[in-house]
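Take a look at the structure set out below.
Per chain, numbering begins at 1; letters A, B, ... match sequence-line order. Just so it is clear, the model here is predicted, and its values are computed rather than measured.
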Number of protein chains: 2
Amino acid sequence: MIRTKQRKEMQTSIKKSWILEKAGVLFWQKGYHNTSMKDIANACNCRPANFYNYFKNKEDILYEVIRSITEQGVSSILYLEKDQEINPVEQLRSLIKSHFGFLASLKQSNVMISDTGMKYLSREHRKEIIRLRDIYDSILHKVIQRGIDAGYFATTDVKVAGYLIASIIVRSSVWFSMKGRLSVDEVSDIMFNFAYRGIKADDANPPKRNA
Amino acid sequence: MIRTKQRKEMQTSIKKSWILEKAGVLFWQKGYHNTSMKDIANACNCRPANFYNYFKNKEDILYEVIRSITEQGVSSILYLEKDQEINPVEQLRSLIKSHFGFLASLKQSNVMISDTGMKYLSREHRKEIIRLRDIYDSILHKVIQRGIDAGYFATTDVKVAGYLIASIIVRSSVWFSMKGRLSVDEVSDIMFNFAYRGIKADDANPPKRNA
DNA sequence: TCCTAATTAATTACCGACAATTCACCCACG
DNA sequence: CGTGGGTGAATTGTCGGTAATTAATTAGGA
């Protein structure tokens, strides 16, 4: 029956993401090349050879880990493209809240593996990740550009401004901890204030229109 | 003779830093565990066994690489501690210019190895690197605190502000390229403007004193 | 419902490759 | 002549990956 086949695919998919979750944590904690298939197997309570039923090879596991994280990061801000009529300042606030909120929600800060692990990917896989990142960048750039057009933001260089804002969000995974002094919302607010003031237009040059 | 011994030590030290330079580039390009002693030997035109005349083991090479970069980074802003009477705004500008300038000056952007390679260090070595970083942080914090005390800056949290500013500087090694559209000075200025506006006090709350 | 064929998941045993390191031994130079 | 940088070969261990095999699950006809 079709039903049972679907159930099976479902289970396979569940096990796959279970493996990816465990592998992602290890890759971040120990590094990709310092994490052996045996290590992952221990974390998954199975034998190394088993993985080759689900993934082509070790690089394939890394690719799926990075793709998953990157995809979720992009998805978390995708909605901003639709609502082009919302105040760009509020869009920036949303973007920071969403992306940082997503990063903070990951149990381990296995985010940096997306940066550092890129160089271990095959050319095709790397291209796919870059494609996803470009989507993220383009959304961020559009928000900034709309803010400039509407007179809210003033910055000489949209691309660099995007890099700077993305830097403070992404790098939070190096220092932010859920168990720390500040909550996600508090840090979100601080980040937004910093970023917004960093690029906002002088008050002497007020917005041309409201939204 | 003392003279010859000195010359010899000199040569040894030169060769050591030659090795460190080559190894640092490889560690960044390929990752620590994916860089073999043979790879480093090829880059240095010598044989793997040779390294054990200069370093205890592979981890020791990594440690020296990271220590050297971190030390230089800290040194590049150390002078700020002395001149406590200079305008904090100018100190912030100097800090960004110096640190980013140093990062950009490295032939390869082998800076991120300092972040990612930390976990491969022994406990003692890691502690030493953290000690150096703490010096960096404390200088940055002092600059910000002095700016707040003098009424130039307004921020709710000195530590987080420090993280945000350091983030935009350090992460530049991911996207900045000497061969790119913008020069080091141009990017420096953009970074400073962004960071300064991000934490500066409202104009309605002017500085209490000048310097 | 039950039995069997087929498919998929998991495991065991194993291989070739290559890693970091050690050591005995060079040889150049002071 | 003898000290120390340099090296080839050997050691030891572990890695990712494959082949063969077993266990488990599902499909479909009677």
Side-chain angles (χ1 to χ4, degrees), chain A residues 1-24 26-27 29-66 113 117 119-122 125, chain B residues 1-20 22-24 26-27 29-65 113 117 119-122 125:
Chain A
M1 296 289 285
I2 291 178
R3 257 338 201 14
T4 56
K5 191 173 182 186
Q6 278 182 342
R7 177 138 32 110
K8 189 150 226 174
E9 278 172 6
M10 172 89 156
Q11 281 176 340
T12 307
S13 152
I14 286 177
K15 171 125 193 189
K16 261 186 98 161
S17 45
W18 163 259
I19 296 172
L20 290 178
E21 198 176 312
K22 296 293 182 183
L26 286 173
F27 286 159
Q29 281 177 345
K30 299 161 57 83
Y32 173 65
H33 281 102
N34 197 33
T35 302
S36 67
M37 298 299 266
K38 210 173 154 191
D39 290 333
I40 306 174
N42 283 339
C44 295
N45 287 323
C46 66
R47 259 25 82 189
N50 192 340
F51 297 131
Y52 295 87
N53 288 319
Y54 298 91
F55 303 94
K56 228 172 93 272
N57 48 31
K58 192 184 175 187
E59 186 262 356
D60 204 35
I61 299 180
L62 177 67
Y63 167 62
E64 293 284 356
V65 167
I66 294 180
I113 189 64
K119 53 177 165 295
Y120 307 130
L121 295 179
S122 68
H125 283 166
Chain B
M1 296 291 285
I2 290 179
R3 257 335 203 20
T4 57
K5 191 172 183 190
Q6 278 183 342
R7 174 136 35 107
K8 201 149 222 175
E9 278 173 8
M10 173 85 160
Q11 283 174 341
T12 308
S13 152
I14 286 178
K15 170 129 189 189
K16 260 187 99 161
S17 43
W18 164 259
I19 296 172
L20 290 178
K22 297 293 181 184
L26 286 174
F27 286 160
Q29 280 177 344
K30 299 162 56 84
Y32 174 65
H33 281 102
N34 198 33
T35 302
S36 67
M37 299 298 265
K38 208 173 157 190
D39 291 332
I40 306 174
N42 283 339
C44 295
N45 288 321
C46 66
R47 258 28 80 189
N50 192 327
F51 297 130
Y52 294 86
N53 288 320
Y54 298 91
F55 303 94
K56 229 172 95 271
N57 49 32
K58 192 183 174 187
E59 188 262 356
D60 205 34
I61 300 181
L62 177 66
Y63 168 64
E64 294 283 358
V65 167
I113 189 64
K119 54 176 164 292
Y120 308 130
L121 295 179
S122 68
H125 284 166

Quickly work out the [X] [atom1] to [N] [atom2] distance and round it to whole Å.
{"X": "B:Phe55", "N": "C:dT22", "atom1": "CZ", "atom2": "C1'", "result": "18 Å"}
{"X": "B:Lys16", "N": "D:dG4", "atom1": "NZ", "atom2": "C1'", "result": "16 Å"}
{"X": "B:Trp18", "N": "D:dG5", "atom1": "CH2", "atom2": "P", "result": "19 Å"}
{"X": "A:Asp60", "N": "D:dG16", "atom1": "CG", "atom2": "P", "result": "15 Å"}
{"X": "B:His33", "N": "C:dC18", "atom1": "NE2", "atom2": "C1'", "result": "15 Å"}
{"X": "A:Lys58", "N": "C:dA17", "atom1": "NZ", "atom2": "P", "result": "19 Å"}
{"X": "B:Lys56", "N": "C:dT21", "atom1": "NZ", "atom2": "P", "result": "9 Å"}
{"X": "B:Ile14", "N": "D:dG5", "atom1": "CD1", "atom2": "C1'", "result": "15 Å"}

Quiz item: Mind checking whether B:His125 and B:Tyr63 have parallel, tilted or perpendicular rings, split at 30° and 60°?
Solution: parallel
Quiz item: Within the distance-only criterion (no hydrogens, no angle test), does the side chain of A:Tyr32 pair as donor or acceptor with the backbone N or O of A:Glu59 below 3.5 angstrom?
Solution: yes
Self-check item: Heavy-atom donor-acceptor pair, A:Asp39 side chain to A:Thr35 backbone, under 3.5 Å
Solution: no
Quiz item: If you round to the nearest 0.5 Å, how far is CD1 of A:Ile113 from CG of A:Leu62?
Solution: 5.5 Å
Quiz prompt | Point-to-point distance, once rounded to the nearest 0.5 Å, from CD of B:Glu64 to NZ of B:Lys56 | solution = 11.0 Å
Exercise. Using a cut-off of 6.0 Å, state whether more than 12 heavy atoms not belonging to A:Lys119 lie near its atom NZ.
Key: yes
Measure all distances between protein nitrogen or oxygen atoms and nitrogen or oxygen atoms of nucleotides 6-12 of chain D, and list the pairs falling under 3.5 Å.
residue : atom : partner : partner atom : Å
D:dG6   : OP2  : B:Asn50 : OD1          : 3.2
D:dG6   : OP2  : B:Tyr54 : OH           : 2.5
D:dG6   : O5'  : B:Asn50 : ND2          : 3.4
D:dG6   : N7   : B:Asn53 : ND2          : 3.1
D:dT7   : OP2  : B:Arg47 : N            : 3.4
D:dT7   : OP2  : B:Asn50 : ND2          : 3.3

